[in-house]
J.: 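Sending over a structure as structure tokens; questions will come in a sec.
The figures here come from the full heavy-atom set of this structure, side chains too, leaving out hydrogens, waters and symmetry mates. In the text below, chain A, chain B and the rest are named by the order of the sequence lines, each starting its count at 1.
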Number of protein chains: 2
Amino acid sequence: MAVARTLMKREPPARKRRGHGAVLISDVARLAGVSAITVSRTLNKPQIVADSTRRAVQAAVDRLGYIPNRLAGNLASTQTRTIGVVIPSLFSNIFADSVRGMTDVLGSEGYQVLLGVTDDSLDMETKHVVSLLGQRVAGVILTGGMHQRRTRELLKNSGVPVVETNVMVRSSIDMVVGYSNEAAAYAMTRHLARCGYRRIGFVTTPMERNDRAQARRAGWLRAVREFGLVERAGLFREATLTVSHGARAFGEMLASDPDVEAVFLAHDMLASGAMFEARRRGLRVPDDVGIAGFDDLDIAQEFVPALTTVRTPRYAIGSTAARMVLQRIRGEATGSACVDMGFEIVQRDSTRRPPA
Amino acid sequence: MAVARTLMKREPPARKRRGHGAVLISDVARLAGVSAITVSRTLNKPQIVADSTRRAVQAAVDRLGYIPNRLAGNLASTQTRTIGVVIPSLFSNIFADSVRGMTDVLGSEGYQVLLGVTDDSLDMETKHVVSLLGQRVAGVILTGGMHQRRTRELLKNSGVPVVETNVMVRSSIDMVVGYSNEAAAYAMTRHLARCGYRRIGFVTTPMERNDRAQARRAGWLRAVREFGLVERAGLFREATLTVSHGARAFGEMLASDPDVEAVFLAHDMLASGAMFEARRRGLRVPDDVGIAGFDDLDIAQEFVPALTTVRTPRYAIGSTAARMVLQRIRGEATGSACVDMGFEIVQRDSTRRPPA
DNA sequence: ATTCTCCATGTTAACGCTACCATGGCCGTC
DNA sequence: GACGGCCATGGTAGCGTTAACATGGAGAAT
């Protein structure tokens, strides 16, 4: 039989086919009476195909319900229109705002976002980066500037444009867009000092693998020392990012240091917890205790009293990061860039007014 | 020179190569002294490779920093380990919880989530589904049971396992996991009626493209009629999903129907807004007005008074949906399934106690 | 000792698309 | 009227991996 097969010239091999039976570009081509490459052009660069051809191809596509296999297309063109985005958590509108900024910019340019969530684990971050590079993303947007050495090396060697967001870092992988968490926390603490508070507590999300949290604590501490405020171990707490943990952290602070005059919580959800805890304990805000948050979420302005907080340009960070990646992909920009988007202290009623 | 090259036998063709210069499986194979397929096996099915070979290959992989090209791998195997997940919004912990449930289950089985966000637009949903199918995902998890006809057809024709979540639908595309929004809203309204409230307002997120919101309204309305409660146009409002809009909707309801006795808001964020608005107006909760929410977010229990709400099994919905997709992929399950995960009324202090 | 199995590994041909180069027809130029 | 250039379209090879089948050697079975 093997001999017979060898003798027959145009006989297809008996080998088993692996395909799924899905509609292929060749099916469309046959129906439209053109070649496969013309179908490809109709779908990807319609302007270089003659009107009549385009209509015929489009009709065939519609009739067969053809959906191009992007795996094959991306492999053949050795490029994708996908940007990998790695964020610490889905449980916070902070990142949702930034992601929205990215998808708005990228979507309009035909690019897509591939999202990875790390839960503040650097191991997870590395895994996501490996996975993203394996899928040959055209760019990567990370949160923060703290990464495993392996992550940095993989990204640098890949040659893919990278943006680190929400921070200002000294030795970036490639590009950076964000604001100084240290400066923001310093500015808020200074504001509280000017309002007349002297014993100012600070609560942040766990700092171990989170350079934004570390920077915020550093900013608070610098202000505490610079303005000669009360420095005591009990005035610093870590709490995971839920309203309840914010409440609990503030409660514990009150237990250890009942004379605390103000708390600055490095996230509005934590601050919300503190507001509720104050209410439960019958503490008047801002008279008995001042409370300040971070991020200016929607809820901050609705609190009674409204919450003093730090406004951060989340959407703009996302859209800017996306734009920078696109520019780099197109070769319109080279060299590293570090964009400081700034922040803003939003004075509301949960802290006393500074003397005029 | 061209002639010389033609004469040399093993010279590669003069055609331009398209590759990126990245490390290839063949590079690893050469360094390890094995064939490409052995590298592939070492990475994908290590147990069928001899120990010594595996070590040699692994060393070569590490030394070269080889990252397999998933585009090529998935194309060659005509399968991916990616599940497409489509959710309406990133601005709500509801979906974050479900997505976490999915990634927990899928991640441990070597599968990955590809997330698409629709912003409650059915056009966007269709676009995402097309994109997901183009990437040949192994399964799709949707939110809700309301889709464009094209979406349903594409998914049915694709033969890919599909789960619709957060609803109970009559004519599902494939499988369903969720709870009855109608029953949940009915149950909460009944609860409010038993607490003695007669004029019960209802606020939901915009219903136009959201069958969950529609079902909640239907449940409220059924209870209103069944229990002979006051039915008035002003007692129904739509508000986009922010704390501020919840506050505003409640404010407007009070303006048009000052004698409203309780409001049921179909999301805890909306309910938070109402709680704040009540406080601002000096209304005592639950005496002057009862307030109930939906979803039992973390914040609900922290409010003063704590918020009565409907607890929904968000994480379990996500993990169950993921498990169902995996079973179907593995051929362990066939036929459609419709799993009702139920819900729970959580009575707290923002509504009066029902008579014992 | 011989045959049969099994195991580890190799060879080859897909997977489904697009980049690259080629071709043929039409138009304008000299 | 021959030639050059441009435009629309096509043929072919390649993108980088893995499925399918092939092979060769060690050990088991007879």
J.: Toward the 5' end of DNA chain C, which comes first, S35(B) or R136(B), by nearest nucleotide?
T.: S35(B)
J.: Among H147(A), K127(A), E125(A), find the one that has a side chain to side chain contact (heavy atoms under 4.5 Å, CB included) with V86(A).
T.: E125(A)
J.: If you look at every strand shown and take non-hydrogen atoms under 4.0 Å, does N74(A) touch a base, only sugar-phosphate, or nothing?
T.: nothing
J.: Measure CD1/I48(B) against C1'/dT18(D) and give the value in whole Å, please.
T.: 11 Å
J.: Is a donor from one side chain sitting under 3.5 angstrom from an acceptor on the other, for Q135(B) and T82(B)?
T.: no
J.: Atom CD of Q79(B) to atom P of dT17(D): distance rounded to whole Å?
T.: 17 Å
J.: Starting from C1' on dT17(D), measure out to CG on L71(A) and report it in whole angstrom.
T.: 12 Å
J.: Could you tell me if the side chain of V117(A) sits less than 4.5 Å from the side chain of T103(B), heavy atoms only?
T.: no
J.: Just the rounded figure in Å: distance from P of dG10(D) to CZ of R41(A).
T.: 8 Å
J.: For a side chain to side chain contact (heavy atoms under 4.5 Å, CB included) with I317(A), tell me which candidate from D97(A), N166(A), T143(A) qualifies.
T.: N166(A)
J.: Need one value for L24(A): base, sugar-phosphate or nothing, where a base atom within 4.0 Å counts as base even if backbone is also close, heavy atoms only.
T.: sugar-phosphate
J.: If you compare every side-chain N and O of T38(A) against the phosphate oxygens of dG10(D) (OP1, OP2), does one of them come in below 4.0 Å?
T.: yes
J.: In this structure, how many angstroms lie between the P atom of dC7(C) and the CD1 atom of I37(B), rounded?
T.: 18 Å
J.: Using C1' atoms of five pairs at each end, report the bend of the helix from dA1(C)-dT30(D) to dC30(C)-dG1(D) rounded to 10 degrees.
T.: 40°
J.: How long is the line joining CG of N69(B) and C1' of dG16(D), in whole Å?
T.: 6 Å
J.: State whether K45(B) places a side-chain N or O below 4.0 Å from either non-bridging phosphate oxygen (OP1 or OP2) of dC7(C).
T.: no
J.: Output the rounded distance in Å from CZ (R30(B)) to P (dG10(C)).
T.: 14 Å
J.: Between P on dG16(D) and OH on Y66(B), what's the gap in Å once rounded to a whole number?
T.: 10 Å
J.: Could you check whether any side-chain N or O of D119(B) sits under 3.5 Å from a backbone N or O of S121(B), counting only pairs where one atom can act as donor and the other as acceptor?
T.: no
J.: State which of dT18(C), dA19(D), dT17(D) makes the closest approach to the side chain of S77(B).
T.: dA19(D)
J.: Just wondering, more than 12 heavy atoms not from R150(B) lying within 6.0 Å of its CZ?
T.: no
J.: Between T53(A) and dT9(D), is there a side-chain N or O to OP1/OP2 distance below 4.0 Å?
T.: yes
J.: Under a 4.5 Å cut-off applied to non-hydrogen side-chain atoms, are R136(A) and I67(B) in contact?
T.: yes
J.: Would you mind classifying the nucleic acid contact of R70(A) as base, sugar-phosphate or nothing, using non-hydrogen atoms under 4.0 angstrom?
T.: nothing
